[in-house]
Amino acid sequence: MSKTFKDLEIWKKGRLLRNEISKLTKSFPSEEKYKLVDQMIRASRSVTANIAEGYGRYHYQENIQFCRHSRGSLTELQDHLTVALDEEYISAEVENKFDNKIEECIRMLNGYIRFLTNSKQSN
């Protein structure tokens, strides 16, 4: 059992993704600082923030709901990456690499949601 949200594998994976997105966006044009870069940073931070906030709730259903918000932020990030690709800020190879990482996070998050749902039903 996890002692804190920082022990959760999905939070750790989300943290890595968040840091990689931060590094990636540093190479974007300065005119995107308050547009696409800001949206990508916010979405990547929302992934881990929602996992942490859900963990801090006392009810399984609330935790599940925050995990769903986190999953939404992951898919939002996928869309922002396609914008970056379309604007030619990143290559198709980079977009594909991040898409695979995001899909892995989504799978892990779905597993965590399943765990929470099963725990809720057994209590």
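Taking CD1 of Ile41 as the start and OG1 of Thr25 as the end, the distance is 3.5 Å to the nearest 0.5 Å. If you take OG on Ser22 and CZ on Arg45, they are separated by 6.5 Å, rounding to the nearest 0.5 Å. To the nearest 0.5 Å, the span separating CG on Leu36 from CZ on Phe28 amounts to 5.5 Å. A distance of 8.5 Å separates CG of Asn19 from OG of Ser44, quoted to the nearest 0.5 Å. Interatomic distance, CD of Glu76 versus OG of Ser73, reported as 5.5 Å (0.5 Å rounding). One finds the CZ atom of Arg68 at 10.5 Å from the CG atom of Leu109 (value rounded to the nearest 0.5 Å).
No more than 12 heavy atoms of other residues, nucleotides or ligands lie within 6.0 Å of NZ in Lys13, so this atom counts as exposed by the packing criterion. Annotation: Glu31, atom CD; neighbour count of heavy atoms from other residues, nucleotides and ligands within 6.0 Å is above 12. No more than 12 heavy atoms of other residues, nucleotides or ligands sit less than 6.0 Å from atom CD of Glu88.
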Quiz item: salt bridge (charged side-chain N to carboxylate O under 4.0 Å, His left out) between Glu104 and Arg107: does it pass, once the steps are laid out?
Solution: CA-CA 5 Å; Glu104 182 181 359; Arg107 283 190 298 276; 5.4 Å; no
Practice problem: Using the side-chain hydrogen bond (donor to acceptor under 3.5 Å, both in side chains) rule, take Arg15 and Thr48 through it: C-alpha gap first, then chi angles, then the decisive distance, then the call. | Solution: CA-CA 6 Å; Arg15 180 182 181 192; Thr48 53; over 6 Å; no
Exercise. Take Glu53 and Arg57 through the test salt bridge (charged side-chain N to carboxylate O under 4.0 Å, His left out) and record every step on the way to the result.
Key: CA-CA 7 Å; Glu53 187 166 356; Arg57 299 297 172 128; 2.7 Å; yes
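The closest side-chain heavy-atom distance from Tyr112 to Cys67 is below 4.5 Å. For the pair Leu81 and Leu24, the minimum side-chain heavy-atom distance is below 4.5 Å. The shortest side-chain heavy-atom distance between Asn63 and Tyr58 does not fall under the 4.5 Å cut-off. Leu17 has its side chain within reach of Leu74: a pair of non-hydrogen atoms, C-beta onward, lies under 4.5 Å apart. With a 4.5 Å cut-off on side-chain heavy atoms, Ile64 and Gln61 count as touching. Between Val47 and Trp11 there is no side-chain heavy-atom pair separated by less than 4.5 Å. Between Ile102 and Ile106 there is a side-chain heavy-atom pair separated by less than 4.5 Å.
There is a path of hydrophobic side-chain contacts, each under 4.5 Å, that joins Phe115 to Met108. Hydrophobic clustering keeps Phe66 apart from Leu77 (ILVMFWY residues linked when any side-chain heavy atoms are closer than 4.5 Å, directly or through intermediates).
A salt bridge links Glu9 to Lys12: one of the charged nitrogens lies within less than 4.0 Å of a carboxylate oxygen.
The only option from Leu116, Thr117, Asn110 that meets the side chain to side chain contact (heavy atoms under 4.5 Å, CB included) definition with Arg114 turns out to be Asn110.
Minimum heavy-atom separation, Ser91 to Leu85: C-CD1, 3.6 Å.
One N or O on the side chain of Asn50 and one on the backbone of Ser46 form a donor-acceptor pair closer than 3.5 Å. Of the possible donor and acceptor atoms, none in the side chain of Asn96 sits under 3.5 Å from a partner among the backbone N and O of Ala92.
A side-chain donor from one of Gln78 and Glu103 sits under 3.5 Å from a side-chain acceptor of the other.
Using a 30° and 60° split on the angle between ring planes, Phe5 and Tyr55 fall in the perpendicular class, above 60°.
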